[in-house]
Peer 1: 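This is the structure, below, for whatever I ask next.
Fair warning: this is a prediction, and the values are worked out from it, not measured in the lab. What's counted below: heavy atoms across the whole structure, side chains too, no hydrogens, waters or symmetry copies.
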Amino acid sequence: MAYQTHDLTKTSYCQSLLPINKANNDLSAFPINMLPEEMQIKILSHLQTDDMVRCESVCKKWQTGIESWASRPPLGYTPQPKKPLYFMFNSEVPYATYAYNSDKEKWIPFDIPNSDETESPTPQLETTFFSQYTLYISASRGLVCFMETRTQDKCYVFNPILKNRIKLLPKAPGDIADYCAVTLSTDVGSRQYVVAMVKSYHVESIIKNHIQFYVDIHLYKSETSSWVNFHTEKLVGWHGGDSDSCVICKDGLYVVANFPYVAGGTKPIHEIVAYDLSQTRQSQKKSPARTKVTIPCALTCVRLQNLDGKLIMVGGIPKKGTMTLDTVAIWELCGKNLKEITRAPDDVISRFREKFDPTFIASGCGDIVFIQSYNSRALISYDTRKNVWKIVSKTPFPVLDDNSHYFGGFCFEPLLDIVP
């Protein structure tokens, strides 16, 4: 007896699942509906990410089934790592959002749910959140965390594939700070996550020409659904919590501290402060263990990433005596020291040197780090396992002049088996 087989990794298979009887839209006409529901969802779970996104839109039953399976995966199920997606948005064209599929090396249309639960989830409003490009964004495994910069108290965690989100309650503590950063750490095994928020407040100094900042670190744990004040300290001359310059890696919170740049200087203007998150505080007066990591050279900006338990630093190397970007380098923390592992080759960085600001976006997971310009669609990637730099094709945004627009983005792992 001959059996007909289908390749689940091809989009054409999704097309074979469409209704045969389109006239009356009879769901029994779906060949896959002849199978038990549990088997249907198991088959769908093996599809590639962009095919899964399409299948979620087929009918309410599939969408509900996939979300139900994600919240209660089968006993003994081990999530398989998938190549990351890179989501890019444009401040002037909020209705056009795309994700780069690093597995198929192509861009696909991709929507993110609106940040405000009170707003209507219509297509016109779904992506207006990204017209407000001042966002603190952090991703870890299959979850992404957003915080609005205008209030610094509205924080959301969601799964971009399942398009479900929660608003962290109570609101994030503290007043509006001069500098703020958030980072998310997800444990796929326990399906729990931690959000760390670092705020720096400028205060007057009694010492002339000295700049002082109070740094507050707050942690949100999903298992307790509450915020706690982890640590508060005063920094002289330095401030922490600038944009996306902090990350949780293993049992440590790593925060980039910044020092005002002096023109013509060659000394490092950044350092990394590491806090031990595993330490149990016996009293409110006891501070967590704290160490410093020296950054080996002056950099235009510093971005930290957690790639499967490895702390990776992406930095912009300036031209001599200036803060104009020359190239991009990547370091790995080995013990207490940073070891440079690569620099972007000239044939990669030369095409984007003029389009990249001294500061840029860096986001990654798995083996891949993406580096994106703020003012253009310029995007490059580095595969740490293959040691390969790559120029990513431009997104199909309907814009003519890249330099007149703001672009943002982040990298995340497409996982179905974790919900906020």
Side-chain angles (χ1 to χ4, degrees), residues 67 71 112-121 125 128-130 132 134-160 162-188 190-203 213-234 239-248 251-253 255 275-288 410 412 418-420:
E67 292 178 357
S71 61
I112 294 292
N114 199 301
S115 68
D116 194 338
E117 296 177 359
T118 64
E119 293 182 7
S120 173
L125 290 176
T128 54
F129 188 32
F130 294 101
Q132 306 165 17
T134 51
L135 302 171
Y136 305 123
I137 305 174
S138 178
S140 175
R141 298 304 302 263
L143 298 181
V144 180
C145 176
F146 283 167
M147 177 178 281
E148 298 181 33
T149 61
R150 56 186 177 181
T151 60
Q152 295 181 1
D153 63 358
K154 295 179 181 178
C155 196
Y156 306 84
V157 175
F158 69 98
N159 184 322
L162 297 177
K163 302 187 186 302
N164 57 354
R165 70 175 183 277
I166 65 167
K167 185 176 182 179
L168 302 188
L169 295 174
K171 290 184 178 181
D175 298 326
I176 297 178
D178 297 283
Y179 300 94
C180 182
V182 295
T183 182
L184 172 70
S185 177
T186 305
D187 185 336
V188 175
S190 64
R191 291 178 173 78
Q192 301 292 339
Y193 57 87
V194 175
V195 176
M197 178 179 63
V198 182
K199 288 187 173 184
S200 292
Y201 303 88
H202 179 256
V203 294
F213 288 89
Y214 277 112
V215 178
D216 279 343
I217 301 176
H218 300 272
L219 300 179
Y220 180 93
K221 296 185 177 181
S222 61
E223 57 184 337
T224 60
S225 300
S226 61
W227 291 92
V228 296
N229 179 256
F230 174 72
H231 181 59
T232 299
E233 68 174 314
K234 181 170 65 176
H239 68 80
D242 186 8
S243 187
D244 53 354
S245 54
C246 67
V247 70
I248 296 175
D251 291 326
L253 170 63
V255 180
Y275 300 91
D276 186 1
L277 296 180
S278 66
Q279 178 181 341
T280 302
R281 300 180 63 183
Q282 302 298 325
S283 68
Q284 292 295 328
K285 296 182 179 180
K286 187 174 182 181
S287 299
F410 58 87
F412 68 94
I418 185 166
V419 294

Peer 1: Please examine the side chains of Leu253 and Thr183, heavy atoms only from C-beta on, and report whether any two atoms are closer than 4.5 Å.
Peer 2: yes
Peer 1: Closer than 3.5 angstrom, by distance alone: can the side chain of Ser138 be matched with the main-chain N or O of Leu184 as a donor-acceptor pair?
Peer 2: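 Such a contact is found between Ser138 side chain and Leu184 backbone.
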Peer 1: So, are Lys221 and Glu223 salt-bridged, with charged N and O less than 4.0 Å apart?
Peer 2: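 Salt bridge absent between Lys221 and Glu223.
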Peer 1: Between His231 and Tyr275, does the ring centre distance come in under 6.0 Å?
Peer 2: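 Yes, they do, as the ring centres are separated by less than 6.0 Å.
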Peer 1: Just to verify, which of Phe412, Phe158, Tyr136 counts as forming a ring pair (Phe, Tyr, Trp, His ring centres under 6.0 Å) with Phe146?
Peer 2: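 By the ring pair (Phe, Tyr, Trp, His ring centres under 6.0 Å) criterion, Phe146 pairs with just one of Phe412, Phe158, Tyr136: Phe158.
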Peer 1: Which residues satisfy the ring-ring contact (aromatic ring centres under 6.0 Å, His included) test with Phe213, sequence neighbours excluded?
Peer 2: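 Phe213: ring-ring contact (aromatic ring centres under 6.0 Å, His included) contacts with Tyr179, His202, His239.
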Peer 1: State, with a plain yes or no, whether a side-chain heavy atom of Pro420 is found less than 4.5 Å away from one of Leu143.
Peer 2: yes
Peer 1: Does any part of the side chain of Val157, heavy atoms only, come nearer than 4.5 Å to the side chain of Val195, both counted from C-beta?
Peer 2: yes
Peer 1: Look at the side chain of Asn159 and the backbone N and O of Ile418, then say whether any donor-acceptor pair between them is shorter than 3.5 Å.
Peer 2: yes
Peer 1: Lys199 side chain to Asp178 main-chain N or O, any donor-acceptor pair under 3.5 Å?
Peer 2: no
Peer 1: Residues in side chain to side chain donor-acceptor pair (under 3.5 Å) with Ser226, at least two apart?
Peer 2: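 Scan of Ser226 (side chain to side chain donor-acceptor pair (under 3.5 Å), adjacent residues dropped) gives Thr224.
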Peer 1: Any side-chain heavy atom of Cys155 sitting closer than 4.5 Å to one from Lys167?
Peer 2: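 Side chain of Cys155 against side chain of Lys167, heavy atoms only: no contact under 4.5 Å found.
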Peer 1: Going by side chain to side chain donor-acceptor pair (under 3.5 Å), name the residues that satisfy it together with Asp153, two or more places apart in sequence or in a different chain.
Peer 2: Thr151
